[in-house]
Amino acid sequence: MYKIKEFFKKETVLCCSGILAIISMFFVLPDKEYIGYMDFKVLALLFCLMGVVAGIKKSGFFDRVSSDLISKSSDIKNVSIILVMLCFFSSMLITNDVALITFVPLAVAVLGNENKDRTIFVIVMQTISANLGSMITPVGNPQNLYLYSYYNIGILEFFKIVLPIGILSFVLILLTMIFMKGEKIEKTEKAKIELDIKSLLVYSILFIVCILTVFNVLDYKIMLVLVTIGFIVYDRSIIREIDITLLATFVFFFIFVGNMERLEVIKNGINNIINGREMISSVVLSQVISNVPSALMLSGFTDNYKALLQGTNIGGLGTLVASLASLISFKIYAKVCGSDRLLYLKKFTVYNLAFLVILIIFTYMFL
């Protein structure tokens with residue numbers, strides 16, 4: 001029983017999505033239409049991208065880049081801005097989750113925890129940056145990849161929807177960081193970080209294969225075969241780095257949403273609630289169940305992909321669970337010796353709500 005409780009606590013979204021899927025099966029019994037619920041292209045892309053990005057990270061590329069950038073500055077403000085901007089720009093390609101897993105520990109190592117206010121502020125801004133930077137590309141986060149594929153959005157149309165919010169987000173983040181107090185830090189001998197050129201080359205090629213599939217140049221089945229062969233031949237251990245629970249969560253939500261769409265009473269009721277309110281509905285729902293499940297759930301009941309893209313990306317701000325990537329930062333900081341979790345939650349909530357309100361107002365007024 002203890003192990004079950006621990007698993008539920010660790011994989012809450014997975015367990016809840018599984019329960020919802022099972023309950024929905026009592027109303028719509030399993031049949032051949034279930035297979036039509038699945039977006040196999042999204043599942044294949046998620047599988048391949050997670051493995052490829054894990055491989056690039058394992059090559060030491062991100063550590064080398066961040067080390068080189070930080071070693072060129074001796075001012076704490078400049079270092080902090082670099083740490084935050086690394087999350088913003090890298091999340092566009094390696095996803096918000098991986099950006100935070102990579103660069104939050106680096107922030108802790110560089111800044112320490114003697115000045116808790118400063119360290120927490122930088123980590124909170126890294127989290128906001130990763131969540132907002134990831135909105136700018138189809139591969140930046142799971143909900144973008146899903147909505148981009150589900151609605152078959154053109155790449156130019158996609159950028160037209162997200163770039164204005166992304167640019168404003170960048171400006172807001174930079175302005176917030178500029179007001180941070182500067183302070184000289186002692187130069188230490190630069191750590192030598194080995195870069196595995198061969199691994200970087202292999203995984204970069206596989207990443208290009210994934211991107212070609214995202215842009216519909218290559219069929220997803222071909223990508224899946226090529227990338228999987230690449231994993232097996234070069235380093236099959238990388239498959240263990242893939243988040244299978246995320247893939248399972250998608251499958252469960254596909255089943256739940258697919259079944260709900262077949263229940264006319266439910267479908268009409270949800271349509272009436274969110275019709276014309278897709279953006280704010282996805283923002284509010286994200287605060288409770290996070291933005292990825294929100295995108296999966298609401299997509300089955302509206303054709304307004306523009307509002308869903310905007311709402312689920314903006315909705316990643318706010319509560320700690322609005323974006324599951326935010327939990328990664330919190331868990332990393334919570335393990336730091338002398339961490340102040342309550343102070344972290346206070347600062348996290350204040351800054352997230354401030355950004356959330358500004359971006360909602362901007363989206364309603366100008367987009």
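This one's a predicted model, so the numbers in the text were calculated from it and none came from an experiment.
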Assign the ring pair [X] / [Y] to parallel, tilted or perpendicular, where the plane angle (0 to 90°) is split at 30° and 60°.
X      : Y      : value
Phe253 : Phe256 : perpendicular
Phe170 : Phe88  : tilted
Tyr146 : Phe250 : perpendicular

Do [X] and [Y] make the cut of ring centroids closer than 6.0 angstrom?
X      : Y      : value
Tyr305 : Tyr150 : no
Phe40  : Phe254 : no
Tyr34  : Tyr37  : yes
Phe158 : Tyr148 : yes

- [ ] Please determine, by modelled atom types, if Asn131 and Ser326 share a side-chain donor-acceptor pair under 3.5 angstrom.
- [x]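 Distance-only check passes for Asn131 and Ser326.
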Open item on the list: Ignoring hydrogens and geometry beyond distance, is a side-chain donor-acceptor pair present between Thr302 and Glu278 at under 3.5 Å?
Closed with: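 Yes - a donor-acceptor pair under 3.5 Å links their side chains.
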- [ ] Take Asn291 and Ser282 through the test side chain to side chain contact (heavy atoms under 4.5 Å, CB included) and record every step on the way to the result.
- [x] CA-CA 7 Å; Asn291 50 6; Ser282 54; over 6 Å; no
- [ ] Start with the C-alpha gap between Gln310 and Thr363, add the side-chain angles, then the distance that decides, and say whether side-chain hydrogen bond (donor to acceptor under 3.5 Å, both in side chains) holds.
- [x] CA-CA 8 Å; Gln310 294 169 339; Thr363 303; 5.5 Å; no
TODO: For Cys15 and Phe7, run side chain to side chain contact (heavy atoms under 4.5 Å, CB included): C-alpha distance rounded to whole Å, both residues' side-chain angles, the deciding distance at 0.1 Å, then the answer.
DONE: CA-CA 9 Å; Cys15 294; Phe7 182 79; 3.7 Å; yes
Side chains of [X] and [Y] in contact at under 4.5 Å (non-hydrogen atoms):
X      : Y      : answer
Lys306 : Asn304 : yes
Met297 : Ile270 : no
Met135 : Asn96  : no
Arg262 : Asp31  : yes
Ile136 : Leu163 : yes
Ile123 : Ile332 : no

Does [Y] offer a backbone N or O that forms a donor-acceptor pair with the side chain of [X] under 3.5 Å?
X      : Y      : value
Lys116 : Ser339 : no
Thr228 : Val225 : no
Gln287 : Val283 : yes
Ser67  : Arg64  : no
Ser149 : Leu145 : no
Thr95  : Ser91  : no
Ser199 : Ser59  : no
Thr137 : Met92  : yes

Atom [atom1] of [X] and atom [atom2] of [Y]: how far apart are they, to the nearest 0.5 Å?
X      : Y      : atom1 : atom2 : result
Leu172 : Ile128 : CG    : CD1   : 10.0 Å
Asn271 : Asp303 : CG    : CG    : 9.0 Å
Leu43  : Cys48  : CG    : SG    : 11.0 Å
Ile205 : Leu226 : CD1   : CG    : 11.5 Å
Ser80  : Ile76  : OG    : CD1   : 5.0 Å
Lys41  : Met223 : NZ    : CE    : 9.0 Å

Task: Phe121 CZ: over 12 foreign heavy atoms closer than 6.0 Å - done: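 Yes, the 6.0 Å shell around CZ holds more than 12 heavy atoms from other groups.
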Task: Over 12 non-hydrogen atoms of neighbours within 6.0 angstrom of CZ in Phe215 - done: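 Yes, because the 6.0 Å sphere around CZ of Phe215 holds more than 12 heavy atoms from other groups.
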Open item on the list: Show the nearest heavy-atom pair for residues Thr127 and Leu100, with the distance to one decimal.
Closed with: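 Scanning both residues, the minimum pair turns out to be CA-CD2, 3.7 Å.
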TODO: Go through Phe301 and Ile273 one step at a time and tell me if the side chain to side chain contact (heavy atoms under 4.5 Å, CB included) criterion holds.
DONE: CA-CA 10 Å; Phe301 305 100; Ile273 292 172; over 6 Å; no
Open item on the list: Walk me through whether Ile178 and Leu174 qualify under side chain to side chain contact (heavy atoms under 4.5 Å, CB included).
Closed with: CA-CA 6 Å; Ile178 285 174; Leu174 193 57; 4.3 Å; yes
